[in-house]
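See below for the structure under consideration.
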Amino acid sequence: MIRPVFSLWATLFRVVSAAKVISLIGNDWTLSNHNGSISVPAHLPSQAHLDLYANGVIDDPYHNLNEFGLRWVAYSNWTYTSAPITGLSRDASSTWLRFDGLDTFATISFCGEYVASTNNQFRQWYYDVTDIMSSCEEPDRIIALDFGSAPLIANQISNEAGQETWPSGVQQLFIRKEQSDFGWDWGPAFAPAGPWQPAYVVQLGHGDVHVRNSDLDIYRRGQLNGLPPDQSQPWVVNASLDYFGALPEGATMRYVLKDTNNKTVCSGPLGNVNTTKSTVTGMATIEDDKVELWWPSQLGLQTLYWITVELHTPTKSMLTSVRKRVGFRTIVLNQTPLSEDQLAMGIAPGNNWHFEVNGHEFYAKGSNIIPPDAFWTRVTRYRIDQLFDSVIDGNQNMLRVWASGAYSPDFMFDLADEKGILLWSEFEFGDALYPVNQDFLDNVREEAEYQVRRCNHHPSLALWAGGNELESLELLLLNESAPEEFPKFKAQYEKLFIDTLAPAVFRNTRSISYTPSSTSNGYTNLNVSSPHPITQRFYDVKPGHYYSDTDFYNYDPVPNPWA
Ligand SMILES: *[C@@H]1O[C@H](CO)[C@@H](O)[C@H](O)[C@H]1NC(C)=O
Ligand SMILES: *[C@@H]1O[C@H](CO)[C@@H](O)[C@H](O)[C@H]1NC(C)=O
Ligand SMILES: *[C@@H]1O[C@H](CO)[C@@H](O)[C@H](O)[C@H]1NC(C)=O
Ligand SMILES: *[C@@H]1O[C@H](CO)[C@@H](O)[C@H](O)[C@H]1NC(C)=O
Ligand SMILES: *[C@@H]1O[C@H](CO)[C@@H](O)[C@H](O)[C@H]1NC(C)=O
Ligand SMILES: *[C@@H]1O[C@H](CO)[C@@H](O)[C@H](O)[C@H]1NC(C)=O
Ligand SMILES: *[C@@H]1O[C@H](CO)[C@@H](O)[C@H](O)[C@H]1NC(C)=O
């Protein structure tokens with residue numbers, strides 16, 4: 001049975017609410033194929049391969065050449081069915097389903113009725129199912145998640161009339177699912193399917209709200225993305241809660257800042273409270289001398305604090321609150337043109353390209369991290385803890401979280417916050433071009449807003465990059481195979497990585513820099529309030545000038561026989 005856990009889960013997820021939150025995490029699920037010839041007990045969160053393996057239906061996917069032998073799993077549809085959900089109330093004003101991640105093409109039904117279909121592994125999905133609930137008896141309160149085959153659906157989408165086609169040799173991706181699921185030079189292709197993140201049923205009483213995501217932005221007053229801030233300014237805390245339910249008019253907000261021993265550092269009302277149908281936002285200023293800075297490993301202490309953001313009715317009764325662990329630091333990827341002073345020091349002309357933490361330039365020493373497992377749902381905190389200890393033991397202070405995998409889970413950020421490892425984080429795009437039709441762009445924008453808001457409070461978050469090897473590789477390959485079409489494809493690149501992703505970052509954080517491609521020649525203009533906020537330099541370079549972090553790939557002096 002799936003049992004109600006009310007405030008227990010709410011506390012674990014640092015969201016306290018009067019709403020009833022029933023966790024769907026656990027073993028009360030069944031996994032079956034389309035005709036029922038396979039039907040086994042299953043878990044949430046999970047992916048089909050892991051439940052099949054746990055029940056002896058398939059061998060260890062990592063063993064031998066099982067990668068090839070198990071292709072049929074990726075080409076099948078899989079259904080996760082819950083046990084009847086108990087503890088739901090008839091008296092609730094509204095009932096919602098909330099999924100923090102479905103991989104990827106799921107058709108959701110509740111009480112045998114269709115709810116919705118999903119098409120993005122990296123988004124949170126939530127649905128008002130009050131109508132369905134009103135005529136659904138307890139034994140029928142079953143959720144079914146029908147997952148279609150991602151490789152087959154991707155092929156279908158690519159063959160739709162009107163889809164873009166790119167020159168041969170250029171990779172193209174039509175779906176929002178971990179790209180390395182389809183194989184990479186370092187890893188196998190399993191293309192797994194399943195409910196890979198937690199899920200909940202939420203019931204709200206009259207006047208209740210449920211916070212599904214939140215954004216805490218901490219920056220120096222006047223700070224703008226990508227530019228070194230004035231370190232003498234006080235801190236601004238901008239707290240924004242994404243909610244569903246009926247927020248009473250005139251709601252107010254408060255914050256309490258505590259150290260990690262729970263000693264209150266400061267508290268007070270949040271000002272400028274701004275409410276929309278789905279978010280409520282407020283701000284406070286915290287004087288510099290109230291808090292200690294957070295530093296990366298070897299540069300200082302990793303001082304952390306807890307912030308509780310409370311939402312109150314106009315009559316001061318608490319509606320809900322969100323508690324997140326934060327640090328006070330500024331981190332900037334400085335790509336500004338060299339100053340006169342720098343040139344006078346004899347530095348080669350061009351643009352800066354370095355990180356500054358709390359106003360100090362430092363050497364970023366690090367490595368690249370790929371998905372630690374082909375199946376994320378079996379990546380434990382313990383495994384990442386061990387990996388990150390070795391990062392620290394190796395005197396590193398930054399990891400580049402490679403695009404074409406998945407966004408770092410919160411427990412990974414938590415460990416990085418504690419150990420002082422900066423995470424250069426990328427949106428999940430790499431070595432490819434993508435459709436730029438409105439549906440695709442809207443889907444990407446929702447994904448980016450959700451992820452930027454979810455992660456923004458972690459002091460270890462160092463940067464958002466649009467993706468992997470786009471300007472220094474993919475666009476150049478494109479130009480080689482179809483130079484006459486280069487302007488068109490460059491415009492597509494700009495539409496996705498500059499006009500869609502950059503504003504999604506700048507609308508939700510002032511504390512984090514954005515660069516469209518992990519490797520590029522930097523920008524010639526940055527204006528975070530413009531709809532086209534970045535003008536990239538692209539290939540407009542002068543000999544003897546240095547601009548950014550462009551890769552060089554051809555180190556091997558031996559001719560490549562396969563090239
Ligand atoms: C069910 O489908 C599987 C896979 O497509 C197939 O191998 C099996 O024969 C089918 N079983 C029945 C009873 O139709
Ligand atoms: C698998 O699911 C897709 C939709 O996701 C559907 O079009 C297809 O008919 C299903 N295949 C089977 C064998 O049920
Ligand atoms: C601080 O308070 C939280 C929430 O009440 C509690 O879970 C935690 O154990 C406390 N920590 C310490 C160090 O007392
Ligand atoms: C509230 O936020 C919305 C959306 O960001 C904005 O358009 C509006 O001007 C804001 N209202 C106030 C009073 O600040
Ligand atoms: C594109 O290719 C043409 C030659 O086909 C070359 O002249 C041009 O410099 C290339 N552009 C870029 C951006 O590499
Ligand atoms: C506060 O954050 C919200 C997004 O969460 C944003 O719309 C607003 O502009 C921010 N305000 C300031 C002053 O940073
Ligand atoms: C930045 O863009 C905004 C909006 O397009 C515009 O109003 C402003 O003048 C621009 N700032 C500069 C310095 O160009």
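Side chains included, hydrogens not; waters and symmetry mates left out as well; all remaining heavy atoms used. Read the numbers this way: they start at 1 and go in the same order the structure lists the ligands and their atoms. Predicted model only: the values in this text are computed from it and were never measured.
- Protein residues with a heavy atom closer than 4.0 Å to ligand 1 are His34, Asn35, Ser37, listed by chain and number.
- Counting only residues at least two apart or on different chains, the disulfide (SG to SG under 2.5 Å) pairs with a member in residues 98-142 are Cys111-Cys136.
- Remark: side-chain polar atoms of Thr524 are not paired, donor with acceptor, to backbone N or O of Arg537 under 3.5 angstrom.
- The ligand atoms of ligand 5 that sit less than 4.0 angstrom from a heavy atom of Pro483 are 5 (O).
- Considering backbone and side-chain atoms together, Tyr539 places no N or O closer than 3.5 Å to any N or O of ligand 5.
- Residues passing the side-chain hydrogen bond (donor to acceptor under 3.5 Å, both in side chains) test with Ser513, sequence neighbours excluded: none.
- In this structure a side-chain-to-backbone donor-acceptor pair under 3.5 Å is present from Asn225 to Ile512.
- Residue Leu476 touches ligand 5 through its side chain alone, judged by heavy-atom distances below 4.0 Å.
- Partner Tyr434 forms a ring pair (Phe, Tyr, Trp, His ring centres under 6.0 Å) with one of Phe429, Phe427, Tyr493, Phe489 and no other, that one being Phe429.
- Within a 6.0 Å sphere centred on CZ of Phe411, other residues, nucleotides and ligands contribute more than 12 heavy atoms.
- The side chain to side chain contact (heavy atoms under 4.5 Å, CB included) search around Lys542 returns His545, Tyr547, not counting sequence neighbours.
- Counting heavy atoms of neighbouring residues, nucleotides and ligands inside a 6.0 Å radius, atom OH of Tyr127 exceeds 12 of them.
- The atoms of ligand 2 that sit less than 4.0 Å from any heavy atom of Gly148 are 5 (O).
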